Amino acid sequence: MGLHVSSHPLVLHKLALLRRVESEPKKFRELVREISQFLVYEATADMPLAPYTIQTPLGSMEGHAIGARIGLIPILRAGLGMVEPVIDLLPTAHVWHLGLYRDHNSLEPVTYYNKLPAQPDIDVCLILDPMLATGGSAVAAVDILKAWGAAKIKFLGLIAAPEGVERLQTAHPDVEIHLAALDERLNEQGYIVPGLGDAGDRQFGT
Ligand code: URA
């Protein structure tokens, strides 16, 4: 349960490169990829295992497979860059894209893309969104997944603001949050400071 901020030296090393203004989209995407793999490694440490018998060249023994059906929920569009690195490590995971934007008047998240199947067929949902800023999208995503029937939900992000963490934890204290860094604050425009700028723009060069 709770908040997990990675302190792994490799994560900190990659994160510094990711933040740097000099990191161009190709480098930025590569770093998102690498850090996402470290995060999902840490976030899946408690996954249940299903034992089965395997044959090695020298005999048989008990092996283990991941014993949970995993759903990846990338929040469009910045979450897209986290999908491939995570599904490379969890190749049986299903991917359900969720499109959310913030309404200019109400400032509340509005869902514009949601193709979750009628029945929940997933044991663990991993929400993928690089930046946990105000927390509005994250809370909306968890609301949607819980209404759908998801039992266990984890949030994986690269950088968060304290405001976003507090909002998500207050609304959904049962959702584990896995981050590479927890930064100082949000600025007036809703950017995380010092952060890395716009994670979507920096990935896609827009
Ligand atoms: N989204 C981003 O891409 N960057 C921020 O700093 C906040 C929200």
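Counting convention: from 1, in listed order, for ligands and their atoms alike. The shown structure was predicted, so the numbers you read here are calculated from the model rather than taken from an experiment.
Taking the ring centre of F28 as origin, the terminal cationic atom of K26 falls outside the region bounded by 6.0 Å and 45° from the ring axis.
Taking S23 as the reference, R20, K27, L31, R202 meet the side chain to side chain contact (heavy atoms under 4.5 Å, CB included) condition, with sequence neighbours excluded.
Contacts of ligand 1 (protein heavy-atom distance under 4.0 Å) are M131, A133, G190, Y191, I192, G197, D198, A199.
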Please list, one pair per line, the donor and acceptor atoms closer than 3.5 Å that link side chains of residues 43-58 to other protein atoms, with sequence neighbours excluded.
from, atom 1, to, atom 2, distance (Å)
T44, OG1, V40, O, 2.6
T44, OG1, Y41, O, 3.3
D46, OD1, K154, NZ, 2.8
D46, OD2, K154, NZ, 3.2
T56, OG1, L58, N, 3.0
T56, OG1, G59, N, 3.2
T56, OG1, G59, O, 3.2

Less than 3.5 Å apart, which donor and acceptor atoms pair up between the side chains of residues 117-127 and the rest of the protein, not counting sequence neighbours?
from, atom 1, to, atom 2, distance (Å)
D123, OD1, R69, NH2, 3.1
D123, OD2, R69, N, 2.7
D123, OD2, R69, NE, 3.2

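In summary, of the residues considered (L90, L89, V83), a side-chain contact (heavy atoms from CB on, under 4.5 Å) with V86 occurs for L90 alone.
Judged purely by distance below 3.5 Å, without hydrogens or angles, the side chains of H97 and N114 never pair a donor atom with an acceptor atom.
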